[in-house]
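Residue numbers begin at 1 in each chain, while the letters A, B, ... track the order of the sequences. The analysis underlying the following values was restricted to heavy atoms, covering all of them including side chains, and did not include hydrogens, waters or symmetry mates.
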2 protein chains.
Amino acid sequence: MATDTRGRMIRGAARMVGTRGASATSLRELAREAGVPLGSTYHHFPGGKHELVTEAVLAQGMYVDELIDRARTEGAGAALAAMTGEWRRVLERSGFRTGCAVLAVATEDEPDLRATANRVFDSWRARLTGVLVEHGVAADRAPGLARTVVAAVEGAVALCRAERSLAPLQEVTVEIGRLIDSAIDHRRGRRSG
Amino acid sequence: MATDTRGRMIRGAARMVGTRGASATSLRELAREAGVPLGSTYHHFPGGKHELVTEAVLAQGMYVDELIDRARTEGAGAALAAMTGEWRRVLERSGFRTGCAVLAVATEDEPDLRATANRVFDSWRARLTGVLVEHGVAADRAPGLARTVVAAVEGAVALCRAERSLAPLQEVTVEIGRLIDSAIDHRRGRRSG
DNA sequence: GTCTATACGAAGATAGAC
DNA sequence: GTCTATCTTCGTATAGAC
């Protein structure tokens, strides 16, 4: 089915872009991996590679959005764990070769893809901000703290790939968890005292 | 002079790799920017593009190493500020187009370059660990906290590029600064109580 | 709609003239 | 030692047969 082919290509592109970056990923390889002839990719994605990579970045964004939403009621720590747990799975399954496709396009120099990455990061940040506020972080601190969470997690995934170890992600989870806890405690302290 | 040409090419490569990533940066462009004919680059760098990019990543690593060393006695916050201040300058001067060449090669899939990025990250982490311990962070916590600093700063630079704003770096500086302070306070609290 | 064949440009690398 | 010209491979994209 055409729709299935499209989805397969998008998922494959998210993985390959997260592994090699967008510019180092060829449409030929993407097509071959999905079992689609090169020429047919332009039927499914008239905009070519640009359109496919954009869809892949947005798909990765929406997937993490959903993970955050599902952990929302459990607490701020659960939202953090949802993100780090997902990246842990991706890293382990790929032997530390695959990371985040959003970070990959954010570190290249393609204006449209950069803007797409920005929308995804901002979506994560907005969701995390909501979770933090719901669980007691001051409204004026939550956006900055949420952005710090996104930055630290993305950086940790890159460090895990560099050293082929989960240690950075685990340590960042612990330290950023402490930071979130202290932001909540600080507010509670204010309320009660 | 040959040595000067080599240095010019390395500095140019660090900037271009930090802007576009290693795979999207061509040796032709690197040569043209340094005013060197393509064929001559193989005289200065017999290992070709691979050697030039490796040198560029190591140069960026050593430069930040020195920034950390110089801020060492001033305190842990000064070491953090030295890193974030440098990235702020790079981002501003390039109109948010240029980031960290080390992160760029860490997010691609070239085993040798990945290993080089790992050595650089680990050098930063080791130096930061020393600074943290010197200023009162517990020895068993400092390495993980130092890695969190590296991850958060690298992630923040990527976020700044994505949203074309210094806000992520500024907010990360504030929040990670708080985390470092609390790690120091916690130790002092233990000592005195 | 699906796929083969190909156009056209740019990449890394090298040979060899000067 | 420096640089021009070129080899080979691979990239995106498309034309057009089925």
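The CG-P distance, from Asp4(B) to dG1(D), rounds to 17 Å in whole Å. Atom CZ in Arg32(B) sits about 11 Å away from atom P in dA10(C), given to the nearest Å. Atom CZ of Arg6(A) and atom P of dT2(C) are 13 Å apart (whole Å).
Arg20(B) and Glu108(A) are not joined by a salt bridge, as no carboxylate oxygen comes within less than 4.0 angstrom of a charged side-chain nitrogen. Salt bridge Glu29(A)/Arg15(A): absent, no basic N to carboxylate O contact under 4.0 Å. A salt bridge links Asp109(A) with Arg97(B): at least one charged nitrogen is closer than 4.0 Å to a carboxylate oxygen.
Taking both residues in full, the closest heavy atoms of Val157(B) and Cys100(B) are given as CG1-N, 4.2 Å, listed atom of the first, atom of the second, then distance. Shortest non-hydrogen contact noted between Trp124(B) and Gln60(B) is CZ2-O, 4.1 Å. In this structure, Ala34(A) and Met9(A) approach most closely via the heavy-atom pair CB-CG, 3.7 Å.
A close approach under 4.0 Å does not occur between any side-chain nitrogen or oxygen of His43(A) and OP1 or OP2 of dG1(C).
Nucleic acid contact class of Ser26(A) (heavy atoms, under 4.0 Å, all strands): sugar-phosphate only. Within the 4.0 angstrom heavy-atom criterion, only backbone atoms of the sugar-phosphate kind lie near Thr25(B); the bases stay farther away.
Within residues 105-115 of chain B, no residue has any heavy atom closer than 4.0 Å to DNA chain D.
Looking only at side-chain heavy atoms (C-beta outward), Arg125(B) and Leu159(A) stay at 4.5 Å or farther from each other.
With 3.5 Å as the limit, one finds no donor-acceptor pair spanning the side chains of Arg88(A) and Thr84(A).
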Base contacts versus sugar-phosphate-only contacts with protein, heavy atoms under 4.0 Å: please encode nucleotides 13-18 of chain C as B, S and - from 5' to 3'. BB----
